[in-house]
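See below for the structure under consideration.
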Amino acid sequence: MPAVGTAVDVDSRMRLVIRDVEEVVTLEELRSLLEVGGGRGYLGFEPSGLFHIGWLVWAYKFRELVEAGFRMTLLAATWHAWINDKLGGDMELIRAAARHVVDVLDALGLEGRFQVVYAEDLVDSAEYWGTLLRVAKHTSMARVRRALTIMGRRAEESESDFSKFVYPLMQVTDIFELDLDLALGGIDQRKAHMLARDVAEKIGRRKVVAVHTPLLPSLQGISRMDIAALPKDELMAEIKMSKSKPESAIFVTDSDEEIRAKVMRAYCPPRDVEGNPVLGIAKHIIFRGSEVEFVVERPSKYGGPVTYWRYEDLERDYVDGRVHPMDLKASVAEYLVKKVVGPIRSYAARPEREELLRKIRDAVTR
RNA sequence: CCCGCCGUAGCUCAGCGGCAGAGCGCCCGGCUGUAGUGUGGGGGCCGAGACCGGGUGGUCGGGGGUUCAAAUCCCCCCGGCGGGACCA
């Protein structure tokens, strides 16, 4: 049972929650929740394939919210994934991918400490659709369009099917139907969360506190790790994706050798912090805004090994050129292998999951 | 969450320190005597719309402040809308 009460306790839990977070809307509201011991929180994710380390950023925060006293729900957004044509629109595969994500959270020590809800169950009530209509009634078309995450470059309005426009309304409805106090997500979920806050005021529902985690840059240095599926030319898109996606992300099921190879191949310009995926991993996966022992193995002719406890120190040395991309990559890869992916893989990719993972992998690569 | 625009008659809006307005609507009347209704034919009755005249219209979103004077200027709040919000 989480201890409730003292101001000191609230402060430390506050620090835990806002650590290495991109943004909290609002800090005052978050504090109020912590003062009463937490509340109900959630994270919704689209089961779209294997778990990549970019998702660890929110997964760690999910765990910290549990530790801070929140009763967390993981929403497997199966219908949402279906709308975005993930996994070829195969609902069974989408469910399998969701199961895999639950495994990863369990591997992080969260087994039995959070609730899992499938979108299919949530949607299976008349009340859900009543709420969705109420949400829709208070949302203009322009506002929905603005909340759309898809439709980046090529996918213009004319080639979107209408389900894509229902998507943001569902995200908002999910929040209301789960009766939440807090919504967790990457900063890319900001639009949906803000829509939920706006609409909440209009229809007299609770306004969720929004906690947004940073996003990891793609290993290739362009865009983000989670490449959005293109509804454009399906076949071409699938082929392009299958070739590019495995290279742009590290999956928790990757072997040690795959991890090392991917990190070594990653975009990592010397002295450059901007959009640097390797530094990004160091910042948001390894250090995460706190003190961590991180050893950069460096050939003695360049100064020998250095130990960093704070990300800022590592970044400073990298910018100054004292840490070479080669050194950084090798060290980050080793850390990922031993401390991050290794433990997760041994649980989430255990033998009895082999069949499940193979199906998901095949579907993405197809 | 941030920025901006807008809240004035039932509706759409103008007015932006000096009597609260226009168009549309609504009500009354006039004019027309038509469409329609009704018939075997004729006649009569009822008669919309258009047009003309008259009338009906208001916590100027709410609260506070400045001023001799506030719809008008300032502050706060409420409501609506649009845009922004990692990256593109």
Side-chain angles (χ1 to χ4, degrees), chain A residues 17-18 20-33 43 45-46 52-58 60-61 84 134-157 159-160 164 168 171-172 175 180-232 237 240-241 244-245 248-249 266-267 269 272-285 288-289 311:
Chain A
V17 172
I18 68 177
D20 196 39
V21 122
E22 187 84 13
E23 152 184 75
V24 175
V25 182
T26 64
L27 286 168
E28 293 71 24
E29 293 170 28
L30 173 63
R31 176 170 286 277
S32 303
L33 289 178
L43 176 128
F45 74 99
E46 271 187 35
H52 62 71
I53 64 169
W55 285 7
L56 283 175
V57 178
W58 60 251
Y60 287 149
K61 189 54 64 184
N84 279 339
R134 269 179 250 281
V135 170
K137 190 70 179 167
H138 292 274
T139 309
S140 70
M141 281 300 292
R143 192 73 173 76
V144 172
R145 197 174 298 118
R146 206 147 47 87
L148 248 44
T149 45
I150 297 304
M151 183 188 329
R153 53 266 136 183
R154 318 189 59 129
E156 283 308 321
E157 209 169 305
E159 17 189 315
S160 297
K164 308 271 191 301
Q171 284 183 281
V172 173
I175 287 168
L180 301 170
D181 302 290
L182 178 145
L184 170 67
I187 187 68
D188 57 336
Q189 296 306 306
R190 189 176 208 280
K191 290 166 196 277
H193 292 161
M194 290 306 145
L195 179 60
R197 284 175 62 88
D198 285 352
V199 174
E201 285 180 333
K202 294 181 184 176
I203 68 176
R205 295 295 200 118
R206 198 176 314 134
K207 250 167 93 172
V208 278
V209 172
V211 176
H212 300 138
T213 56
L215 274 79
L216 283 189
S218 153
L219 286 182
Q220 258 103 47
I222 37 154
S223 175
R224 65 181 112 115
M225 239 170 185
D226 189 21
I227 296 174
L230 294 171
K232 179 75 179 168
K240 262 194 101 170
M241 221 173 93
S244 64
K245 189 167 179 174
S248 70
Y267 171 78
D272 198 349
V273 179
E274 202 61 37
N276 187 318
V278 185
L279 273 179
I281 291 169
K283 185 175 187 181
H284 302 303
I285 300 289
R288 310 195 52 254
Y311 170 76

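For clarity, every value in this text was computed on a predicted model and none was experimentally measured. Hydrogens, waters and symmetry mates are skipped; everything else that's a heavy atom, side chains included, is used. Naming convention: chains lettered A, B, ... in sequence-line order (proteins, then strands); numbering from 1 in each chain.
- Applying the 3.5 Å distance criterion, the base of B/G82 shares no donor-acceptor pair with the side chain of A/R143.
- In this structure, NZ of A/K191 is placed 10 Å from P of B/G83, rounded to the nearest angstrom.
- Remark: A/Y60 engages no residue in a side-chain hydrogen bond (donor to acceptor under 3.5 Å, both in side chains) (not counting sequence neighbours).
- Summarising the geometry, the separation between CD on A/E28 and P on B/C1 is reported as 10 Å, rounded to the nearest angstrom.
- The interatomic distance linking A/D188 (CG) with B/A85 (C1') rounds to 12 Å, in whole Å.
- Atom pair A/R190:CZ and B/C87:P shows a separation of 13 Å (rounding to whole Å applied).
- Taken to the nearest 0.5 Å, the CD atom of A/E23 stands 10.5 Å off from the NE2 atom of A/H193.
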Can you name the atoms? Protein N/O to nucleotides 76-81 of chain B N/O, anything below 3.5 Å, with the distance.
residue, atom, partner, partner atom, Å
B/C81, OP2, A/K202, NZ, 2.8

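- Rounded to whole Å, the P atom of B/U8 lies 9 Å from the corresponding atom of B/C13.
- Considering only side-chain N and O atoms, A/K207 lies under 4.0 angstrom from the phosphate OP1 or OP2 of B/C1.
- In terms of heavy atoms, A/K61 sits closest to A/R288 at N-NH2, 4.0 Å.
- With hydrogens and angles ignored, no donor-acceptor pair under 3.5 angstrom links the side chain of A/R146 to the base of B/G82.
- Taking atom NE2 of residue A/H193 and atom C1' of nucleotide B/C86, one finds them 14 Å apart after rounding to whole Å.
- On the C1' atoms, B/C45 is 14 Å away from B/U39, given to the nearest whole Å.
- Under the side-chain hydrogen bond (donor to acceptor under 3.5 Å, both in side chains) criterion, A/E274 pairs with no residue at all, not counting sequence neighbours.
- The same atom, C1', is picked in B/U56 and in B/G21; the two are 15 Å apart, to the nearest Å.
- Residues satisfying the salt bridge (Lys or Arg N to Asp or Glu O under 4.0 Å) test with A/D198, not counting sequence neighbours, are A/R143.
- For the pair A/I187 CD1 and B/A85 C1', the computed distance is 8 Å after rounding to whole Å.
- Counting to the nearest Å, the P atom of B/G84 and the CG atom of A/L148 are 13 Å from each other.
- Rounded to a whole angstrom, the distance from the P atom of B/C75 to that of B/C5 is 12 Å.
- With sequence neighbours left out, A/A200 forms a side-chain contact (heavy atoms from CB on, under 4.5 Å) with A/F176, A/R205, A/K207.
- Annotation: side-chain hydrogen bond (donor to acceptor under 3.5 Å, both in side chains) contacts of A/R206 (sequence neighbours excluded): A/D179, A/D181.
- Nearest-nucleotide positions on RNA chain B place A/D198 closer to the 5' end than the other of A/D198 and A/A192.
- As rounded to the nearest Å, B/C31 and B/G79 have C1' atoms that lie 47 Å from one another.
- Residues satisfying the side-chain contact (heavy atoms from CB on, under 4.5 Å) test with A/S32, not counting sequence neighbours, are none.
- Atom C1' of B/G29 sits at a distance of 29 Å from the matching atom of B/G38, rounded to the whole Å.
- Taking A/R134 as the reference, nothing meets the side-chain hydrogen bond (donor to acceptor under 3.5 Å, both in side chains) condition, with sequence neighbours excluded.
- Comparing the P positions of B/G30 and B/G49 gives an interatomic distance of 14 Å, to the nearest angstrom.
- Between the P atom of B/G83 and the CZ atom of A/R145 lies a distance of 8 Å, rounded to the nearest Å.
- Within the 3.5 Å criterion, the main-chain N or O of A/N84 finds no donor-acceptor partner in the side chain of A/K164.
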Checklist outcome for this item: Secondary structure of RNA chain B per the Watson-Crick/G-U criterion (both distances under 3.5 Å; [ ] crossing, | other strand, . unpaired) is ((((((((.[[[[.)..(..]]]]((((((.....(.........)....))))))....[[[[[..)....]]]]])))))))....
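- Nucleotides B/A14 and B/C24, compared at atom C1', are 14 Å apart to the nearest Å.
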